[in-house]
Amino acid sequence: MGLAVLMFYLYDVSYEVVGKEPHILLWGIDEVGNRVVIRDRGFRPYFYVVTSSDVELTRVVNEIRRLSSVKSPIINVEVVPKKLFGRPLNVIKVTTTVPESVREYREAIRKVGGVADVLEADIRFSMRYMIDKGLFPCSWFEAEVSEIRKHPSIAVTKEYELVGEFKPLNIHKPPHIRVLAFDIEVYNPRGVPKPERDPVIIISMMNSEGDVKVLELSGDTVKNDSRIISEFMDYIQTYDPDVIVGYNSNRFDWPYLIERSKVLGIRMDVGRVRDGVPRTSVYGHISIPGRLNVDLFDFVEEIGEIKVKSLDVVAEYLGVMRRVDRVLVPWYEISKYWDDLSKREVLIRYAVDDVKSTMGIAEKILPFAMQLSSLTGLPLDQVGSASVGFRLEWYLMRSAYRYSELIPNRVERFYEPYKGAIVLEPVKGVHENIAVLDFTSMYPNIMIKYNVGPDTFVEYDCSDELCNVIPEVGYKFRKDPPGFYKAVLETLLNMRKAVRELMKEFPQDSVEYRVLDERQKALKVLANASYGYMGWVGARWYFRQGAEAVTALGRDIIGKAIEIARELGLRVIYGDTDSLFVSYGPPVERFIDLVMDRLGLEIKVDKIYRRIFFTEAKKRYIGLTVDGLVDIVGFEAVRGDWAEIAKEVQELVAYSILAEGSVSKAVDLVNNVIRELREGRIPLDKLIIWKTITKPLSDYEVSSPHVSAARRLLDMGGRVEVGDKVGYVIVKGGGSISSRAYPYISVRAEDIDADYYIDHQIVPASLRILEYFGVSEKQLKTISRGVKTLFDFSRRG
DNA sequence: GCACGATTTATACCA
DNA sequence: ACTGGTATAAATCGTGCG
């Protein structure tokens, strides 16, 4: 015992109220791997009061003092200098006793005469603490502490009390963190399992040491799963993980376990605090005291390349486990596999493969998640469930604190649409040697260059010398001093530059390199979200005119860049928002320099296509890269809501047109697929169409095929929730397409309507490309003769 | 009352 | 639940016809 300097990796912050005193608890791992808690008894909740300009501050101060109650007194009221949207002003800082009383005081103070607004009263106590102390989760710190007797209800090795201040440490390597992956299987003979009725039959777990543990219900009985749930809790307490990961665990595994435990009368004791049960918390995540519960699905959701995000597909995509190497059991057959003793082992293998996949995905995703947590300040268990807007907002709130800026309240606003980016009409046909030039981080750089933001906006007359006047919309922004957005964005971009520099000092296979690489990616994500955030009505720093100015400038800049390109004799084929597709030749280098000179923004060659094809449609093209790869952009082949077979055909068509220059070969392969379809030789899983359910089924105004299939799924005892993808196929018969859309699991191959797939999937997807080359629907549906090559079309369009 | 084009609703993509 | 711009399919509406 006694004073010491403790070095620790902070992973979470919470608080408890002891008597009338709030205690901040900092959860950390020290340099030798002890799990520790640092207790700070010295922090109190506070907020700010802004008064109308003509009001005597001392009168308001006195009135606020008079509001203090005995139960939870106001302990300090003082006038402090702050800034509101860049304008310096004196505000009243009100400090109280316990966080729970803040809301009441906020409401009471709002009614005091002369009070214009109460600010920062909606910031959670533990977040407030981290911001004020400069603490970030998933980072190393040093602090002067004194060891105290460990509170018996907290399951860590050592407990300290804070004595001095925190000092951030420049260590990029995290300590060894214990991760536990888990997955549950539930008995579901009637489709959707109900916690009141259906037991948990298997719980599979894997820890970061590679140990796999499977708990299964014993005997033939499906009753009384108390034992495995208790063993699950025991295992957690014994292994004592810092991070618990699951796949969709916030929406399924945890809620089910919590409900099932209630039914069985078991206390879900899995945290590091006695009686610290898991509960739903901010952004809909499940919070476990003293541990970080992370649902990997939250991060997977953001990977656009994966369309159907089932665990097995994601694990394969990330290179964790191949689908052919693992056991797969469809959800609607779990109870059958369990009941059939000869198949039960397969189910257990399935559960093991699932948990191994989950752990593998965690290894791929957690390093990024930890950097995102460290930058935004949101604890690891929250950062995934928070939307992009909230992540950036937390970063902004921290920045505001550093600049003494008051954090605006979240206010309800009406949605006001505004004009966005420009998309050029493509020159349709096949083009050879095309360079794609992109402005680097166009919108963030526009915000910096033109100092766009709510605090730099001027409504009075302002000359071109002092203000940036925005074309088209006429808004004006002060050139100096830098506004909030500009300052924040410059910091983000400079940090990214610095991190990328620092990366060079480490070998590519080192932990540090990987950590820094994830950090620079997280910095990029935050910078790129800034424009969208500014135009989001839910944002604290919402500023429509700012967002409008950014897109207006973007349109202006692209327009000027096109002029420069034409001056240099470069042919502009297409362009979208911040990109231009031009003929690739020597003037391109000159173009890049001229854009920099005249427009003050950087443009770079992003890609070179040996050959590229456009139809009349915007946002869609296929290109042959210099490496011989075919890029497909926008077309059906890259959409998740087309049948696999149609996407495959379109991809092959694209390849034979661009790489092989053969129209007839493309027609042949479409013919073949259509024949196979008619003969019923295409496997059913290539015919499934996946579409997302975006709102409650009863809210739909029209009954589209996926909604009709979803309703049928419900009738079968299945479950459909908002955000789920429904896989359906179209069966033979009369009537609308919707009336023939069925969940794929309920359909036999012989009931498939081949004509639907030919007329509504294969033909349109193929024709989208082939129509330009003079191919007709009829040709696709009958065996073709005659050979046409791309050469015959190369001088068209 | 019906056929068919126009409009509406819905999704997913691009940047 | 970060933005607007765009393509497309299927359902549904609305209108002209007789």
Side-chain angles (χ1 to χ4, degrees), chain A residues 283-284 298 301-302 304-305 307-308 385-393 395-396 415-426 436 438-444 447 525-544 546-552 554-555 558 574-581 606 615-621 631-643 646-647 689-695 699-708 710 722-723 725-726 730 735-741 756 759-761 764-765 767-768:
Chain A
Y283 310 121
D298 288 333
E301 250 186 327
E302 291 163 29
E305 293 91 325
K307 312 294 175 184
V308 180
S385 357
S387 68
V388 175
F390 286 115
R391 291 176 193 168
L392 176 63
E393 189 156 81
Y395 184 81
L396 294 176
Y415 165 70
E416 297 169 280
Y418 62 91
K419 228 167 130 182
I422 189 162
V423 187
L424 304 186
E425 209 72 57
V436 182
D438 275 345
F439 280 95
T440 42
S441 303
M442 188 194 230
Y443 285 179
M447 289 168 76
V525 166
L526 288 179
N528 286 344
S530 55
Y531 149 74
Y533 173 84
M534 186 164 61
W536 169 40
V537 283
R540 289 176 191 266
W541 279 276
Y542 170 69
F543 191 55
R544 196 210 73 232
E548 224 178 330
V550 171
T551 55
R555 293 191 300 270
I558 275 284
Y574 177 64
D576 184 350
T577 311
D578 62 351
S579 68
L580 284 178
F581 292 54
D606 178 53
T615 66
E616 56 286 316
K618 295 171 174 182
K619 297 194 180 275
R620 297 187 149 199
Y621 53 87
D631 270 354
I632 302 183
V633 179
F635 282 108
E636 288 75 7
V638 295
R639 292 180 63 101
D641 57 350
W642 281 72
K647 304 204 296 177
I689 298 163
W690 294 92
K691 269 203 170 82
T692 311
I693 295 294
T694 60
K695 52 188 173 189
D699 288 5
Y700 278 92
E701 298 192 35
V702 291
S703 185
S704 17
H706 74 299
V707 175
S708 136
V722 173
K725 276 203 159 63
V726 174
I730 305 299
S736 68
I737 292 164
S738 279
S739 68
R740 296 184 283 120
Y756 170 83
D759 295 333
H760 291 80
Q761 294 277 324
L767 229 41
R768 202 82 65 206

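Just so we're on the same page: letters track the sequence lines, and every chain starts at 1.
- When the side chain to side chain donor-acceptor pair (under 3.5 Å) test is applied to A:E302, the partners found at least two apart in sequence or on another chain are A:R391.
- Mapped onto DNA chain C by nearest heavy atom, A:E636 and A:V722 fall at different nucleotides, with A:V722 at the one closer to the 5' end.
- Here the P atom of nucleotide C:dA9 and the NZ atom of A:K647 are 15 Å apart, to the nearest Å.
- No engagement by A:Y574 is indicated, since no non-hydrogen atom pair under 4.0 Å with the nucleic acid exists.
- Among the heavy atoms of the strands, none lies under 4.0 Å from A:A547.
- Between B:dT11, C:dA9, C:dG4, one nucleotide has an atom nearer to the side chain of A:Y418 than all others, and that is C:dG4.
- Across the protein-nucleic acid pair, A:L424 atom CG and B:dC14 atom P stand 17 Å apart, rounded to whole Å.
- Residue A:S703 places no side-chain N or O under 4.0 Å from the OP1 or OP2 atom of C:dA11.
- Distance A:W536 CH2 to C:dT3 C1': 12 Å, rounded to the nearest Å.
- Classified by interplanar angle (parallel below 30°, tilted 30° to 60°, perpendicular above 60°), the ring pair A:Y756/A:H760 is parallel.
- Under a 4.0 Å N-O distance rule, the pair A:K619/A:D576 qualifies as a salt bridge.
- Of the candidate nucleotides C:dA1, B:dA12, C:dA10, C:dA10 has the atom lying nearest to any side-chain atom of A:H760.
- Atom CD in A:E302 sits roughly 10 Å away from atom P in C:dC2 (whole-Å rounding).
- Phosphate contact (OP1/OP2 of C:dA11, side-chain N/O of A:S736, threshold under 4.0 Å): present.
- At least one side-chain nitrogen or oxygen of A:T692 sits closer than 4.0 Å to the OP1 or OP2 atom of B:dA12.
- Among the atoms of the strands shown, base atoms are found under 4.0 Å from some heavy atom of A:G532.
- Regarding contacts with the backbone of C:dT6, every side-chain N or O of A:K619 stays at 4.0 angstrom or more from both OP1 and OP2.
- Taking every side-chain heavy atom of A:K618 into account, C:dA7 is the closest of C:dA11, C:dA7, C:dA9.
- For the pair A:I632 CD1 and B:dC14 P, the interatomic distance rounds to 11 Å; values are reported in whole Å.
- Listed pair A:K695 / B:dA10 meets the phosphate criterion, a side-chain N or O lying under 4.0 Å from OP1 or OP2.
- Considering only side-chain atoms of A:S387, the nucleotide from B:dC14, C:dC2, B:dA10 that sits closest is C:dC2.
- Applying the side chain to side chain donor-acceptor pair (under 3.5 Å) criterion to A:D438, with sequence neighbours excluded, gives no partner residue.
- Backbone-only engagement by A:V633 is indicated by non-hydrogen atom pairs under 4.0 Å involving sugar-phosphate atoms exclusively.
- Between the CG atom of A:L767 and the P atom of C:dA9 there is a distance of 11 Å, given to the nearest Å.
- Contacts of A:W541 with the nucleic acid, taken as non-hydrogen atoms under 4.0 Å apart, are absent.
- Proximity of A:Y443 to the phosphate of C:dG4: no side-chain N or O atom is located under 4.0 Å from OP1 or OP2.
- Taking each heavy atom of A:A421 and A:T577 in turn, the nearest pair found is CB-OG1, 3.4 Å.
- The cationic group of A:K695 lies under 6.0 Å from the six-membered ring centre of A:Y700 and within 45° of the ring axis, placing it in a cation-pi geometry.
- Using a 4.0 Å heavy-atom distance criterion, A:T551 is classed as making no nucleic acid contact.
- Counting non-hydrogen atoms under 4.0 angstrom, A:V638 reaches the backbone sugars and phosphates but no base.
- Nucleotide C:dA9 holds its P atom 19 Å from the OH atom of A:Y700, rounded to whole Å.
- Side-chain nitrogen and oxygen atoms of A:Y756 include at least one within less than 4.0 Å of the OP1 or OP2 phosphate oxygen of C:dA10.
- For the pair A:Y621 and B:dA15, the criterion of a side-chain N or O lying under 4.0 Å from OP1 or OP2 is met.
- The nearest pair of heavy atoms linking A:P444 to A:N528 is CG-OD1, 4.0 Å.
- Considering only heavy atoms from C-beta on, A:I693 comes within 4.5 Å of A:H706 through its side chain.
- Contact check, A:S738 against C:dA11: a side-chain N or O comes under 4.0 Å of OP1 or OP2.
- Close to C:dT8, at under 4.0 Å from its OP1 or OP2, lies a side-chain N or O of A:R620.
- Of the candidate nucleotides B:dA15, B:dA10, C:dT6, B:dA10 has the atom nearest to the side chain of A:H706.
- The side chain of A:V702 sits closest to B:dA10 out of B:dC14, B:dA12, B:dA10.
- Rounded to a whole Å, the CD atom of A:E393 is 16 Å from the C1' atom of C:dT3.
- Not one side-chain nitrogen or oxygen of A:R768 sits closer than 4.0 Å to the OP1 or OP2 atom of C:dA7.
- If A:V423 and A:N528 are placed on DNA chain C by their nearest nucleotide, the residue sitting closer to the 5' end is A:N528.
- Here C:dG4 is the nucleotide among C:dG4, B:dA10, C:dG5 with the atom lying nearest to any side-chain atom of A:Y531.
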